[in-house]
Amino acid sequence: GQPVASQSAQMYSIVVNFLFVDRSLAHTQFIESVEAGASYSETVHMPSIVGYEPTLNDEVISVLNIHYDSVNENKVFEIIYHPVLVTYHIHHYQQNVINDEYTLFETEERTAYTQSQVENCEKTYPGFYALVYEKPYVAADGGTIVNVYYDRYYYMVSFDLQGGKGVDPIYGKYGAIYDVNDPTRSGYTFEGWTPGLTNVIPINGTSYTATWRETNSSYTIVYWYQTIDATGYNVAGQKIVNENSGTVISSSQHKDDTFNGKIQYMFEYDENMEETITVLGDGSSILNVYFNRVQCTIDFYIYGDPSNT
């Protein structure tokens, strides 16, 4: 007789796909073939992928228990790996005062989901501003490091010398140390700064005011007599007077002075020409005192007749 051909059994597949959220392959799939109608049992352990956790129907699982009394169709399971929170570190470097290098000031630990981009990493440090930095995507192994560098602001330190000299403004980095010579001023002794000098450039800069103590100085008084035709004045005399620097003097204070060349009763102080000076410390101050001629009336009488003049 003719041989009878054997008929192969119907086969079905049991498939477990391991996928990322974007449907890309996370791990090699698990697949087994089962004869139609046969029972099937298997425990599938979830592959470990750093930075991700496996879920089935939005529930986190570590194993997948599969059991069928009779397999009559293909079975497909999709395990979705979701990102988990992982750590990353931010290194904050501040610019040095004495050079343009940087020193690690602070290390900060944060968390973010695997492969998400880091958020703003800069911090606020008084006297510093952050430079541009890269914002990487967070690695699954937690090894991501973000380096943020901060430069120092430059500020101005100014000096109000109150008439003195010898000190210029200083423009420099926040925190820089500086030296200042004592200013000088003729006729005065320097006593210090207000407020007290710190010698370190502060945030937003600052200003200092010099304080002085008056010392003995002098000024010259020049006395002027009106000309006989009343068109001007001629020098009648002068003298030097000792006085502390900074003292305010008015010419009216010297209208009754005695000086070489003074003529009594013929001149009177001219209030319209009054002036005021502040005594300088170098003895160069000059105070002018003006006198007008006294107007006199002379009567002439004819002898023996007082009514006729």
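Atoms considered below: every heavy atom in the structure, side chains included; atoms not considered: hydrogens, waters and symmetry mates. All residue numbers in this chain count up from 1 along the given sequence.
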- prompt: Do Y174 and Y153 pass the ring pair (Phe, Tyr, Trp, His ring centres under 6.0 Å) test, and can you show the C-alpha distance, the side-chain angles, and the key distance before you say yes or no?
  reply: CA-CA 6 Å; Y174 160 64; Y153 281 109; 8.9 Å; no
Are any non-hydrogen side-chain atoms of [X] and [Y] less than 4.5 angstrom apart?
X	Y	value
M46	I61	yes
T107	H92	no
Y133	C121	yes
N120	E122	yes
V180	I170	yes
L64	H45	no
W193	T211	no
H89	E108	no

Under 3.5 Å side-chain donor-acceptor pair for [X] and [Y]:
X	Y	value
D69	S39	no
S41	Y68	no
E268	N292	no

For [X], I'd like to know if atom [atom1] has over 12 heavy atoms of other residues, nucleotides or ligands within 6.0 Å.
X	atom1	result
L104	CG	yes
N99	CG	yes
N57	CG	no
F259	CZ	yes
Q117	CD	yes
D22	CG	yes
I177	CD1	no
K135	NZ	yes

Could you tell me whether a side-chain N or O of [X] sits under 3.5 Å from a main-chain N or O of [Y], the two making a donor and an acceptor?
X	Y	value
S245	G187	yes
D270	Y290	no
T227	G232	yes
S33	S13	no

message: Is the distance between the ring centroids of Y149 and Y93 under 6.0 Å?
response: yes
task: May I ask you to check whether W224 and F291 place their ring centers less than 6.0 Å from one another?
output: no
Using a strict cut-off of less than 4.0 Å between a Lys/Arg side-chain nitrogen and an Asp/Glu carboxylate oxygen, indicate whether [X] and [Y] qualify as a salt bridge.
X	Y	result
E214	R185	no
K123	E106	yes
K173	D100	yes

Which value, rounded to the nearest 0.5 Å, describes the distance between [X] atom [atom1] and [Y] atom [atom2]?
X	Y	atom1	atom2	result
K239	I221	NZ	CD1	5.5 Å
N242	T247	CG	OG1	11.5 Å
T111	L85	OG1	CG	5.0 Å
E53	T114	CD	OG1	9.5 Å
D141	T144	CG	OG1	6.5 Å
E275	I249	CD	CD1	12.0 Å

Identify each donor-acceptor pair in which a side-chain atom of residues 156-164 lies under 3.5 Å from a protein atom, sequence neighbours left out, and give them as a table.
| residue | atom | partner | partner atom | Å |
| --- | --- | --- | --- | --- |
| S158 | OG | S207 | OG | 3.3 |
| D160 | OD1 | Q162 | N | 3.2 |
| D160 | OD1 | Q162 | NE2 | 3.2 |
| D160 | OD2 | Q162 | NE2 | 3.0 |

Treat each ILVMFWY residue as a node, draw an edge where side-chain heavy atoms are under 4.5 Å apart, and state whether [X] and [Y] are in one component.
X	Y	value
V84	I49	no
I80	V60	no
Y219	L280	no
V76	I66	no
V289	F267	yes

If you take all heavy atoms of [X] and [Y], which pair is closest and at what distance?
X	Y	value
G283	S217	N-OG, 3.4 Å
F190	A210	CE1-CB, 3.8 Å
A139	Q115	CA-NE2, 4.2 Å
S218	I240	CB-CG2, 3.9 Å
E78	L56	O-CD1, 3.4 Å
K262	T258	CD-CA, 4.2 Å

- request: Just do the salt bridge (Lys or Arg N to Asp or Glu O under 4.0 Å) check on E32 and K75 with the steps written out, would you?
  value: CA-CA 10 Å; E32 285 191 349; K75 301 293 185 180; over 6 Å; no
message: Which residue is it: F20, Y81, F18? I am looking for the one with a ring pair (Phe, Tyr, Trp, His ring centres under 6.0 Å) to Y52.
response: F20
- request: From the options F105, F128, Y125, Y102, select the one residue that forms a ring pair (Phe, Tyr, Trp, His ring centres under 6.0 Å) with Y150.
  value: Y125
message: side-chain hydrogen bond (donor to acceptor under 3.5 Å, both in side chains) for Y12 and N72? Distances and angles first, verdict last.
response: CA-CA 7 Å; Y12 293 104; N72 295 303; 5.9 Å; no
task: Please test N96 against T103 for side-chain hydrogen bond (donor to acceptor under 3.5 Å, both in side chains), starting from the C-alpha separation and ending with a verdict.
output: CA-CA 7 Å; N96 298 333; T103 298; 2.7 Å; yes
message: For a side chain to side chain contact (heavy atoms under 4.5 Å, CB included) check, start with the C-alpha distance between L131 and D151, then their side-chain angles and the critical distance, and finish with the verdict.
response: CA-CA 7 Å; L131 304 181; D151 273 359; 3.7 Å; yes
message: Assess the residue pair V222 and I286 against the criterion (side chain to side chain contact (heavy atoms under 4.5 Å, CB included)); give the C-alpha distance rounded to whole Å, side-chain angles, the decisive distance to 0.1 Å, and a yes or no.
response: CA-CA 7 Å; V222 180; I286 297 176; 3.9 Å; yes
- request: Starting from the C-alpha separation in whole Å, work towards a yes-or-no answer on ring pair (Phe, Tyr, Trp, His ring centres under 6.0 Å) for Y225 and Y233.
  value: CA-CA 5 Å; Y225 279 173; Y233 294 86; 9.4 Å; no
